[in-house]
Amino acid sequence: MINAPLLAPSLLAGDHAHLAASAATVSVLGLKWLHIDIMDGNFVPNLTFGPETISALRRHGNKLFFDTHLMLARPDRYVEAFAHAGANLISIHIEPDYDHAATLARIRALGCQAGIVLNPDTPASAVKHLITSVDLVLVMTVQPGFGGQAFRTDMLPKLTQLATWRTEQNLSFRLEVDGGIDLQTGSNCRSAGADTFVAGTSFFKAADKLAFAACFARL
Ligand code: DX5
Ligand code: ZN
């Protein structure tokens with residue numbers, strides 16, 4: 001099964017003094033997803049937003065699907081807070097040591113979709129046992145922590161592997177890519193099986209965001 005291409009602009013590249021306005025830029029284009037990066041200064045060497053940011057965006061009336069990417073050493077301690085704040089999908093990394101399967105199950109029990117994330121140096125095999133229990137697999141195409149980094153072409157075989165398992169097992173999870181995604185790298189990822197495209201810098205820097213989004217819809 002082939003999922004339609006979906007663009008998820010990343011709030012990280014928006015205006016941090018006007019987050020509601022940056023999120024609204026995405027809504028007015030008719031896009032459906034907003035990618036929100038949560039960093040703890042521990043699992044990754046940077047700090048960003050917390051559950052209160054998500055609640056505040058909801059209070060300001062934003063109705064986008066919040067694709068919430070937790071870059072936390074202990075995501076299991078925070079899934080309730082993010083679900084209650086208004087996240088729609090919560091993705092957790094495979095690398096830290098905690099009960100991944102139980103945390104994914106808890107995310108779903110909280111009424112959210114659940115995703116598993118792999119860093120560039122983590123092989124696809126690390127999440128093979130979990131792909132029947134997720135709505136999304138996120139392949140990091142840069143080392144997480146900062147926007148504006150160069151796309152890692154060596155991640156393409158990992159996408160192909162995950163897409164192959166998805167077909168073989170008749171699964172329908174979304175295959176998302178995050179980091180250095182623009183029209184060219186996004187197109188290469190689409191050819192390798194990706195269907196969900198996080199774009200921070202390329203989206204917020206695009207002079208014509210409507211045209212940019214339309215190109216992604218045709219990938
Ligand atoms: C990086 C974050 C990304 C980031 C991507 O750690 O997970 O979501 O916003 O930014 P760009 O698109 O600029 O590479
Ligand atoms: Zn992200």
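Atoms within each ligand, like the ligands themselves, are counted from 1 in listed order. Residue numbers run from 1 in the order of the sequence given.
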**Prompt:** Under a 4.0 Å heavy-atom limit, does Pro144 contact ligand 1 with its side chain, its backbone, both, or neither?
**Reply:** both

**Fill in**
Quick note on ligand 1: atoms under 4.0 Å from a heavy atom of Gly147 include exactly 10 (O), 13 (O)

**Fill in**
The atom of Asp37 among N, O or S that is nearest the Zn ion (ligand 2) is OD1

**Message:** Cation-pi check for Phe43 against Arg74: NZ or CZ below 6.0 Å from the six-membered ring centre and within 45 degrees of the axis, yes or no?
**Reply:** no

**Request:** Can you sort out which atoms of ligand 1 are near Val198, meaning under 4.0 Å from one of its heavy atoms?
**Result:** 8 (O)

**Item:** Least distance between heavy atoms, Pro144 atom then His93 atom
**Value:** CG-CE1, 4.2 Å

**Fill in**
Closest non-hydrogen atoms of Ala73 and Tyr98, given as atom of the first, atom of the second and distance, are O-CD2, 4.4 Å

**Item:** Closest approach of Asp37 to Met71 (non-hydrogen atoms, all atoms of both residues)
**Value:** OD1-CE, 3.2 Å

**Message:** Between Val139 and Leu162, is the side chain to side chain contact (heavy atoms under 4.5 Å, CB included) condition met? List the steps.
**Reply:** CA-CA 9 Å; Val139 172; Leu162 287 159; 3.5 Å; yes

**Asked** Any idea which protein heavy atom is nearest atom 11 (P) of ligand 1, and the distance to it?
**Response** Gly148 N, 3.7 Å

**Prompt:** Can you list the ligand 1 atoms lying under 4.0 Å from a non-hydrogen atom of His35?
**Reply:** 8 (O)

**Request:** If you have a sec, read the angle at the Zn ion (ligand 2) from Asp178 atom OD2 over to His35 atom NE2, to 10 degrees.
**Result:** 100°

**Asked** Can you check whether Gly200 has an N/O within less than 3.5 Å of an N/O in ligand 1?
**Response** yes

**Asked** Can you find a non-hydrogen atom of Val142 under 4.0 Å from ligand 1?
**Response** no

**Asn46 side-chain N/O to Gly145 backbone N/O, donor-acceptor pair under 3.5 Å** = yes

**Message:** Looking only at protein heavy atoms, which one is nearest to atom 14 (O) of ligand 1, and what is the separation?
**Reply:** Gly180 N, 2.8 Å

**Message:** For ligand 1 and Asp178, I'd like to know whether there is a polar contact (N/O to N/O, distance under 3.5 Å).
**Reply:** yes

**Request:** Run the numbers for me: atoms of ligand 1, each under 4.0 Å from some heavy atom of Thr201, listed by number.
**Result:** 11 (P), 12 (O), 13 (O)

**Thr141: which of Thr185, Asp154, Val177 passes side chain to side chain contact (heavy atoms under 4.5 Å, CB included)** = Val177

**Prompt:** Quick one: does Gln143 get a heavy atom under 4.0 Å from ligand 1?
**Reply:** no

**Considering all heavy atoms, the nearest Ala83-Cys112 contact** = CB-SG, 3.8 Å

**Request:** Check step by step if salt bridge (charged side-chain N to carboxylate O under 4.0 Å, His left out) holds for Arg166 and Asp195.
**Result:** CA-CA 12 Å; Arg166 179 171 60 178; Asp195 49 47; 2.9 Å; yes

**Where ligand 1 meets Phe146 - atom numbers and elements under 4.0 angstrom, heavy-atom basis** = 1 (C), 6 (O)

**Prompt:** For ligand 1, which atoms, with element, lie under 4.0 Å from some heavy atom of Gly179?
**Reply:** 14 (O)

**Item:** Aromatic ring pairing Phe216/Phe197, orientation class (parallel under 30°, perpendicular over 60°, tilted between)
**Value:** tilted

**Request:** Report the distance from atom OG1 of Thr132 to atom CG of Leu104, rounding to the nearest 0.5 Å.
**Result:** 10.0 Å

**Message:** Looking at Arg174 and Asp67, is any side-chain nitrogen of the basic one under 4.0 Å from a carboxylate oxygen of the acidic one?
**Reply:** no

**Asked** What protein heavy atom is closest to atom 9 (O) of ligand 1, reported as residue, atom name and distance in Å?
**Response** Ser10 OG, 2.7 Å

**Prompt:** Should you measure from each heavy atom of Met39, which atoms of ligand 1 turn up under 4.0 Å away?
**Reply:** 6 (O)

**Asked** Restricting to N, O or S atoms of His69, which is nearest to the Zn ion (ligand 2)?
**Response** ND1

**Proximal atoms of ligand 1 relative to Gly145 (non-hydrogen, under 4.0 Å)** = 1 (C), 6 (O)

